[in-house]
Amino acid sequence: MDEGYVELVLSIVEQIPPGKVATYGDIAELIGIGGPRQVGRVMSVHGGAVPWWRVVRSNGRPVRGIEPRALELLRRDGTPLRHDRVDLGVARYHPG
DNA sequence: AATTTGACGACCG
DNA sequence: TCGGTCGCCAAAT
């Protein structure tokens with residue numbers, strides 16, 4: 001596998017197809033780390049190498065601090081957006 | 001070693 | 001829908 005959960009998180013994010021999104025909580029639960037904050041921390045450090053904009057919060061809102069950027073990238077992927085929010089009911093991707 | 005911080009989540013009013 | 005609170009855990013200070 002790998003040396004730590006960091007690579008594991010990144011590998012999952014890379015598997016998210018265009019037009020779909022995953023939540024921090026889903027990833028955290030999938031790999032079995034303490035909580036979604038750890039996923040967020042990993043993304044803040046190594047997220048630049050993966051499609052970070054396909055990881056959103058549980059309420060469908062994009063990542064904090066970079067919403068404009070995330071929304072444009074999501075829109076480019078064809079992700080179902082409802083104004084400034086992702087339609088999780090349709091766009092939610094179940095990793096694994 | 002102790003405290004605060006953070007790309008979060010669930011719950012409550 | 002919005003804001004406040006608590007729980008969570010690793011990293012930063």
Side-chain angles (χ1 to χ4, degrees):
Chain A
M1 286 285 270
D2 58 81
E3 305 115 33
Y5 62 94
V6 174
E7 297 294 330
L8 196 44
V9 171
L10 297 178
S11 68
I12 291 173
V13 176
E14 286 179 336
Q15 291 174 48
I16 305 175
K20 292 283 184 177
V21 295
T23 67
Y24 291 93
D26 284 346
I27 297 173
E29 190 174 352
L30 177 67
I31 69 180
I33 64 179
R37 304 192 75 108
Q38 272 45 264
V39 178
R41 191 186 60 78
V42 170
M43 294 297 289
S44 71
V45 178
H46 303 273
V50 296
W52 51 263
W53 60 92
R54 291 175 193 160
V55 183
V56 300
R57 295 179 48 152
S58 62
N59 57 359
R61 284 191 173 143
V63 178
R64 282 189 172 175
I66 51 182
E67 300 183 34
R69 186 85 92 209
L71 284 170
E72 179 164 329
L73 287 163
L74 287 169
R75 201 175 206 183
R76 197 180 71 174
D77 284 347
T79 309
L81 297 179
R82 203 173 324 176
H83 195 54
D84 287 9
R85 199 170 303 184
V86 178
D87 188 345
L88 286 178
V90 184
R92 199 173 194 187
Y93 167 69
H94 300 262

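Just so we're on the same page: letters track the sequence lines, and every chain starts at 1.
If you check C:dT1, B:dG9, C:dA11 against the side chain of A:Y5, the one that comes closest is C:dA11. You'll find that the side chain of A:R61 is closest to C:dC2, out of C:dA10, C:dC2, B:dA7. Side-chain proximity of A:W52 to the nucleotides C:dC2, B:dA7, C:dA11 is greatest for B:dA7.
B:dT5 atom P lies 14 Å from atom CZ of A:R64, rounded to whole Å. One atom, NE2 of A:H83, and another, C1' of C:dT1, lie 13 Å apart when rounded to the nearest Å. A straight line from CD of A:E29 to C1' of C:dG7 spans 16 Å, rounded to a whole angstrom. The CZ atom of A:R92 sits 9 Å away from the P atom of B:dG9 (whole-angstrom rounding). Between the CG atom of A:L71 and the P atom of B:dA7 there is a distance of 17 Å, given to the nearest Å. Atom P of nucleotide B:dG6 and atom CE of A:M43 are separated by 18 Å, given to the nearest angstrom. Remark: C1' of C:dC8 and OH of A:Y24 are 16 Å apart, rounded to the nearest angstrom. If you take NE2 of A:H46 and C1' of C:dA10, they are 12 Å apart, rounded to a whole angstrom.
Atom CD of A:E67 is surrounded by more than 12 heavy atoms from other residues, nucleotides or ligands within 6.0 Å. The neighbour count for A:E14 CD, taken as heavy atoms of other residues, nucleotides or ligands under 6.0 Å away, is above 12.
At C:dC8, none of the side-chain N or O atoms of A:R41 fall inside 4.0 Å of OP1 or OP2 (strictly under the cut-off). When the side-chain nitrogen and oxygen atoms of A:R57 are compared with OP1 and OP2 of B:dG9, one or more of them lie within a distance under 4.0 Å.
A:R69 comes within 4.0 angstrom of nothing in the nucleic acid, heavy atoms only. A:S58 comes within 4.0 angstrom of the backbone, heavy atoms only, and of no base.
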Practice task
List the steps, then state whether salt bridge (charged side-chain N to carboxylate O under 4.0 Å, His left out) holds for A:D87 with A:R92.
Solution key: CA-CA 8 Å; A:D87 188 345; A:R92 199 173 194 187; over 6 Å; no
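Taking for each of A:Q38 and A:G25 the nucleotide of DNA chain B with the nearest heavy atom, the 5'-most of the two is the partner of A:Q38.
With respect to the salt-bridge test (charged N to carboxylate O, under 4.0 angstrom), the residues A:K20 and A:D77 do not qualify.
When all heavy atoms are compared, the tightest approach of A:L88 to A:R57 is CD1-O, 4.3 Å.
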